[in-house]
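To start, the structure under review is shown below, and the notes come after it.
The sequence lines fix the lettering, A, B, ..., with proteins before strands; numbering per chain opens at 1.
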2 protein chains.
Amino acid sequence: MNERNLKDLLYQEFARIGKSLSSPKRLEILDILSQGPKSVDALAKSTDMSVANVSQHLKTLFNSRLVKFKKEGNFVIYELADEVISDFLITFHALAEKQLIQVQQIKEEFLNEQLGLEGITLSELIPRMEKGEVLLLDVRPKEEFAEAHIPGAISIPIEELGDTLSSLQVNCDVVAYCRGPYCLMSADAVKILKANGIKAFRMEQGVKEWLQFAK
Amino acid sequence: MNERNLKDLLYQEFARIGKSLSSPKRLEILDILSQGPKSVDALAKSTDMSVANVSQHLKTLFNSRLVKFKKEGNFVIYELADEVISDFLITFHALAEKQLIQVQQIKEEFLNEQLGLEGITLSELIPRMEKGEVLLLDVRPKEEFAEAHIPGAISIPIEELGDTLSSLQVNCDVVAYCRGPYCLMSADAVKILKANGIKAFRMEQGVKEWLQFAK
DNA sequence: AAACTATTCAATTAATTTATTGAATAGTTG
DNA sequence: CAACTATTCAATAAATTAATTGAATAGTTT
């Protein structure tokens with residue numbers, strides 16, 4: 001083995017991680033898994049893919065050690081292989097956003113022009129929460145809230161929001177958050193809240209971003 | 001545009017960065033560029049590829065905004081588009097090494113079994129340098145040394161090491177470093193030094209790792 | 001301007017990757 | 001044990017990507 005062979009071998013191994021990050025659908029799967037463990041079936045529903053296809057992507061991710069799984073009943077539950085991967089994904093997104101201005105544009109056009117939503121950031125949120133000026137709403141599924149959530153938030157999954165609304169006493173502004181910048185459940189929530197006369201804002205950041213912020 | 005379309009578009013943009021990181025040769029190019037600007041021709045020589053092929057890879061990297069270029073005479077000089085990219089590459093390597101134990105194995109087998117070299121780390125080096133116990137040798141090409149180097153190091157490019165050796169007065173241990181963990185110029189240097197009866201060690205880390213370490 | 005250099009472009013071929021489908025497997029429930 | 005579920009496997013077709021080659025471009029030197 002000479003130096004060139006060694007380099008080829010090493011970079012080939014590195015590229016295996018890169019390959020895993022080269023498919024849009026796999027990146028979406030990784031993002032969803034950064035919220036907590038999910039079954040293949042649940043992932044297929046979230047990503048609008050066939051189960052067989054998701055299974056194939058998961059196999060790729062498993063081969064590059066980005067995810068691991070455990071069997072529960074006849075479900076196979078996948079999760080990120082290590083918590084550094086969730087940190088890495090945030091770094092990756094930050095880099096990608098910085099480089100690809102188009103990403104910013106796509107996102108903002110959709111949110112602003114099509115939905116006309118006002119946003120709020122983590123650093124604006126915290127002082128307002130401490131003063132009791134806002135109610136923080138976690139609209140992700142119950143399991144994801146149970147897995148981890150921003151302290152002080154209350155959990156109302158987006159599907160239940162419409163029904164729960166009447167029984168909910170709100171006398172301040174509401175801030176909704178969900179899985180993070182590329183999830184739009186919080187945008188849907190704000191639409192529902194506004195339609196019911198509640199002053200509501202969308203927060204881009206999710207639990208993972210909060211954890212990094214709090215460090 | 002509905003939510004699914006938006007997600008597909010966003011993840012497609014993210015995947016462009018991933019795609020750039022999915023080819024071993026492109027990763028090698030990025031690593032070399034993290035040492036400083038290089039011409040297409042120089043990159044072709046370093047990576048053992050045809051110029052046309054390197055040009056194609058550079059085009060891909062340029063399209064995902066990872067590199068930029070300027071024209072100088074009839075050379076086109078490429079460099080990393082932003083310094084966050086060099087930070088990102090270190091994070092990426094760290095993740096890859098952690099996940100793919102094989103990478104560690106490949107590297108260590110080659111270095112230990114085939115060369116029988118002793119290594120030293122940055123944190124071991126610094127106190128010893130302060131005490132004046134070691135001479136730090138940068139064996140990269142002169143331009144890369146000029147671009148950036150570890151303070152206190154002296155520059156002797158690997159090609160010149162054999163000739164310079166006799167005129168060099170050495171009365172302490174020598175530590176050689178080069179581009180980083182996946183570059184083997186420092187290993188070659190240690191071999192030459194040892195062959196001339198000088199006690200020499202290889203340091204894995206390069207300038208970029210030192211900058212992160214010094215932060 | 002002619003000869004020369006470095007780089008890019010375009011066309012081809014080979015190789016790899018993706019999504020789709022239907023069948024196979026393994027575990028669970030009635 | 002039969003019916004059912006979730007998941008994986010295997011085979012295929014479509015799409016994408018990589019390396020190679022030779023020609024085209026743009027700038028430099030004589």
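For the pair A/Asn74 and C/dT28, the criterion of a side-chain N or O lying under 4.0 Å from OP1 or OP2 is not met. For A/His57, a side-chain nitrogen or oxygen approaches OP1 or OP2 of C/dA19 to under 4.0 Å.
Aromatic ring centres of B/Phe201 and B/Tyr177: separated by at least 6.0 Å.
Residue A/Phe75 contributes atom CZ, which lies 13 Å from atom C1' of C/dT29 at whole-angstrom precision. Rounded to an integer number of Å, the gap from CD of B/Gln12 to P of C/dA19 is 11 Å. Residue B/Gln56 contributes atom CD, which lies 12 Å from atom C1' of C/dT12 at whole-angstrom precision.
Nucleic acid contact class of A/Ser22 (heavy atoms, under 4.0 Å, all strands): none. Residue contacts shown for B/Phe62 are absent, as no nucleic acid heavy atom lies under 4.0 Å away. At the heavy-atom level, A/Tyr78 lies under 4.0 Å from the strands shown only through sugar-phosphate atoms. If you check every strand for non-hydrogen atoms under 4.0 Å, B/Thr60 touches nothing. Across all strands, B/Lys19 comes closer than 4.0 Å only to sugar-phosphate atoms, never to a base (heavy-atom distances).
Taking 4.0 Å as the cut-off between side-chain N and carboxylate O, B/Asp8 and A/Lys25 count as a salt-bridged pair. Ion pairing between B/Lys38 and B/Glu79 fails under the 4.0 Å rule for side-chain N and carboxylate O.
A 4.0 Å heavy-atom criterion places the boundary nucleotides of DNA chain D facing chain A at D/dT5 to D/dC9, written 5' to 3'.
Across the interface with DNA chain C, nearest-nucleotide mapping of A/Met49 and B/Val51 shows B/Val51 to be the residue nearer the 5′ end.
Put simply, the side chain of B/Leu33 reaches to within 4.5 Å of the side chain of B/Val67, judged on heavy atoms.
In this pair, B/Phe14 and A/His93 present their aromatic rings parallel. The plane angle is below 30°, not in the 30 to 60° band.
Side chain to side chain, B/Ser34 and B/Ser86 fail the donor-acceptor criterion of an N or O pair below 3.5 Å. When only modelled atom types and interatomic distance are considered, B/Ser186 and B/Arg202 share a side-chain donor-acceptor pair under 3.5 Å.
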